[in-house]
Amino acid sequence: MKNQTHTATDVPAPAGKGRRLPPHADLNLLRTFLAVHRSGSFTAAAPQLGLSQPTVTAQIRALEQQTGRELFTRLPRGVEPTPYAHELAAQIATPLDALATLEDTGATVGPVHLAGPSELLCVRVLPALAPLVADGVQLRVAQGLPEPLIEEMRTGRHDLVIATRRPRGRALQSVPLADEEYLLVATPAWAQRLGGHARADDLCAALREVPMVTYAEDLPIIRRYWRTIFGKQHTARAAVAVPNLYAVLSAVNAGAGYSVLPRSLCQDHLDSGRLTLLHDPEEPPLNTLFLLQRPGAEANPDVLRVRERLQEAARAW
């Protein structure tokens, strides 16, 4: 999108808004302001605009001088919009987005940059998006933990991120996508050796004699299961710790011991009888998945297609 010199009066005021835009604000300054407001920092807005961080800072200062109002409070990490900035953003967002769409008409639709947990991407997400890929949608997929992926999204690296937590602040759009169940599983051979203990206390005691497989030494998933379902702390040490849930599944499926795994990862193994559910509580622990979208990503229509397809497919997850 080429920078052109306009004034804010080129942008129509939204219906029902009595407050006028700053009378002499350059349109490019308003675009920069909106990018900072949406991304939450000057640094994150810069690559989205194709500008350097000092240029973004200078443009925001220029707009503050033109408006006579402070727009952002500087924080150790990022910025916090002032009340006036929130009002200004609400006033200019719709017409600026519409103008950007008109300017981008005829441009080639770019790839959709999507990120999330590796196991979920393989088991649920990519199979759900296969029809869109066959229809011409291009995907660039990254995997990782929630915190790094969210920070990368703030810098403009990802259009959509699936995360196990909702991000702080209002810069990133997020909606609940699905609830992931966690199940206590082992092979039928281990289940037979456990003797079908029905009472939780008996099962917990019997599992002390079974090797435990986990993806982290601090047992986050297993400790949560014990605390939520059995009402007690899990104090045993892992027999196998490997930082990948696929590897955990592989070890458990080969008879290494028991673990707690997301249903999406082990459902096929349960259906085939290779794994057995060791405990079937009325309400298994849930982990809510959130779908995050980078502000401005909707300018690519394929981002909207991917988002809608994921929300539709997640109803069956």
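Side-chain contact between Arg77 and Glu151 is present, with heavy atoms from C-beta onward closer than 4.5 Å. Side-chain contact between Val248 and Thr214 is absent, with no heavy atoms from C-beta onward closer than 4.5 Å. Residues Arg140 and Val112 are not in side-chain contact: their nearest non-hydrogen atoms beyond the backbone lie 4.5 Å or more apart. In this structure, the side chains of Val137 and Leu139 come closer than 4.5 Å at one or more pairs of heavy atoms. Side-chain contact between Val36 and Ser41 is absent, with no heavy atoms from C-beta onward closer than 4.5 Å. Using a 4.5 Å heavy-atom cutoff, the side chains of Phe290 and Thr164 are not in contact. Counting heavy atoms from C-beta outward, Leu132 and Asp302 have side chains that stay 4.5 Å or more apart. Side-chain atoms of Pro284 and Tyr182, non-hydrogen and from C-beta on, never get closer than 4.5 Å to each other.
With no hydrogens or angles considered, a side-chain donor-acceptor pair links Arg166 and Ser174 at under 3.5 Å. Between the side chains of Gln293 and Arg307, at least one donor N or O sits under 3.5 Å from an acceptor N or O.
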**salt bridge (Lys or Arg N to Asp or Glu O under 4.0 Å) evaluation trace for Asp97 with Arg38** = CA-CA 12 Å; Asp97 287 343; Arg38 285 171 164 174; 2.6 Å; yes
**Request:** Carefully, step by step, assess Asn244 and Glu119 under the rule side chain to side chain contact (heavy atoms under 4.5 Å, CB included).
**Result:** CA-CA 8 Å; Asn244 182 288; Glu119 297 84 6; 3.9 Å; yes
**Request:** I would like to know whether Asp135 and Arg305 meet salt bridge (Lys or Arg N to Asp or Glu O under 4.0 Å); could you show each step before the answer?
**Result:** CA-CA 11 Å; Asp135 197 35; Arg305 295 177 67 190; 2.6 Å; yes
**Request:** Assess whether side chain to side chain contact (heavy atoms under 4.5 Å, CB included) is satisfied between His37 and His86, documenting all intermediate values.
**Result:** CA-CA 8 Å; His37 184 275; His86 286 307; 3.0 Å; yes
**Request:** Could you give me the CA-CA distance, side-chain angles and deciding distance for Leu286 and Glu180, then say whether side chain to side chain contact (heavy atoms under 4.5 Å, CB included) is met?
**Result:** CA-CA 5 Å; Leu286 299 176; Glu180 182 82 290; over 6 Å; no
**Message:** Does Leu292 form a side chain to side chain contact (heavy atoms under 4.5 Å, CB included) with Gln173? I'd like the steps, not just the answer.
**Reply:** CA-CA 6 Å; Leu292 285 52; Gln173 305 173 40; over 6 Å; no
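For the side chain to side chain contact (heavy atoms under 4.5 Å, CB included) criterion with His234, the lone passing option out of Arg208, Met212, Arg224 is Met212. Considering Thr57, Asn28, Thr32 as possible partners of Leu51, the one that fulfils the side chain to side chain contact (heavy atoms under 4.5 Å, CB included) test is Thr32.
When the salt bridge (Lys or Arg N to Asp or Glu O under 4.0 Å) test is applied to Glu147, the partners found at least two apart in sequence or on another chain are Arg165.
Here His158 contributes atom NE2 and Met153 contributes atom CE; the two are 7.5 Å apart, rounded to the nearest 0.5 Å. Here the CD1 atom belonging to Ile229 is positioned 11.5 Å from the CG atom belonging to Leu203, to the nearest 0.5 angstrom. Atom CG of residue Leu34 and atom CG of residue Leu29 lie 12.5 Å apart, to the nearest 0.5 angstrom. The structure places CG of Leu149 at 9.5 Å from CZ of Arg157, a figure rounded to the nearest 0.5 Å. The distance from the CZ atom of Arg74 to the CD atom of Glu80 is 12.5 Å, given to the nearest 0.5 Å. Here the CG atom belonging to Leu183 is positioned 11.0 Å from the CD1 atom belonging to Ile221, to the nearest 0.5 angstrom.
Here the side chain of Arg294 pairs no donor or acceptor atom with the backbone of Leu172 at under 3.5 angstrom. Side-chain atoms of Asp159 come within 3.5 Å of backbone N or O of His113 as a donor-acceptor pair. No donor-acceptor pair under 3.5 Å is formed between the side chain of Gln143 and the backbone N or O of Gly116. In this structure, the side chain of Trp190 engages the main chain of Gly255 through a donor-acceptor pair within 3.5 Å. No side-chain donor-acceptor contact under 3.5 Å links Arg124 to the backbone of Trp317. Although no hydrogens or angles enter the test, the distance criterion places a donor-acceptor pair under 3.5 Å between the side chain of Thr82 and the main chain of Glu70. Not a single donor-acceptor pair under 3.5 Å links the side chain of Ser259 to the backbone N or O of Leu261. In this structure a side-chain-to-backbone donor-acceptor pair under 3.5 Å is present from Thr67 to Arg69. In this structure, the side chain of Glu64 engages the main chain of Leu71 through a donor-acceptor pair within 3.5 Å.
Between Phe72 and Phe42, the angle of the ring planes goes over 60°, which puts this pair in the perpendicular group of the 30/60° scheme. Ring geometry, Trp226 versus Phe230: the interplanar angle exceeds 60°, so the pair is classed perpendicular (tilted spans 30 to 60°).
The cluster map of Ile, Leu, Val, Met, Phe, Trp and Tyr, joined by side-chain heavy atoms under 4.5 Å apart, puts Val133 and Leu114 in the same cluster. Using a 4.5 Å cut-off between side-chain heavy atoms of Ile, Leu, Val, Met, Phe, Trp and Tyr, with links allowed through other members, Leu207 and Val260 fall into the same hydrophobic cluster. No single ILVMFWY cluster, assembled from side-chain heavy atoms under 4.5 Å apart, contains both Leu145 and Leu291. Hydrophobic clustering keeps Leu270 apart from Leu120 (ILVMFWY residues linked when any side-chain heavy atoms are closer than 4.5 Å, directly or through intermediates). In the hydrophobic clustering of ILVMFWY residues, with side-chain heavy atoms under 4.5 Å counting as a link, Val161 and Val141 come out apart.
The minimum heavy-atom distance linking Leu275 with Val252 is given by the pair CD2-CG1, 3.8 Å. Nearest heavy atom pair, residue Thr187 against residue Asn253, reads CG2-O, 3.7 Å. Nearest heavy-atom pair, Ala163 versus Pro146, reported as atom, atom and distance to 0.1 Å: CB-CB, 4.3 Å. Residue Val185 comes nearest to Cys266 through the heavy atom pair CG1-SG, 4.4 Å, listed as atom of the first residue, atom of the second, then distance. Across all their heavy atoms, Ile162 and Pro117 have their closest contact at O-CD, 3.4 Å. Shown here for Phe33 and Ala85, the closest heavy-atom pair between the two residues is CZ-O, 3.3 Å.
Taking a 6.0 Å sphere around CZ of Arg61, one finds it holds 12 or fewer heavy atoms contributed by other residues, nucleotides or ligands.
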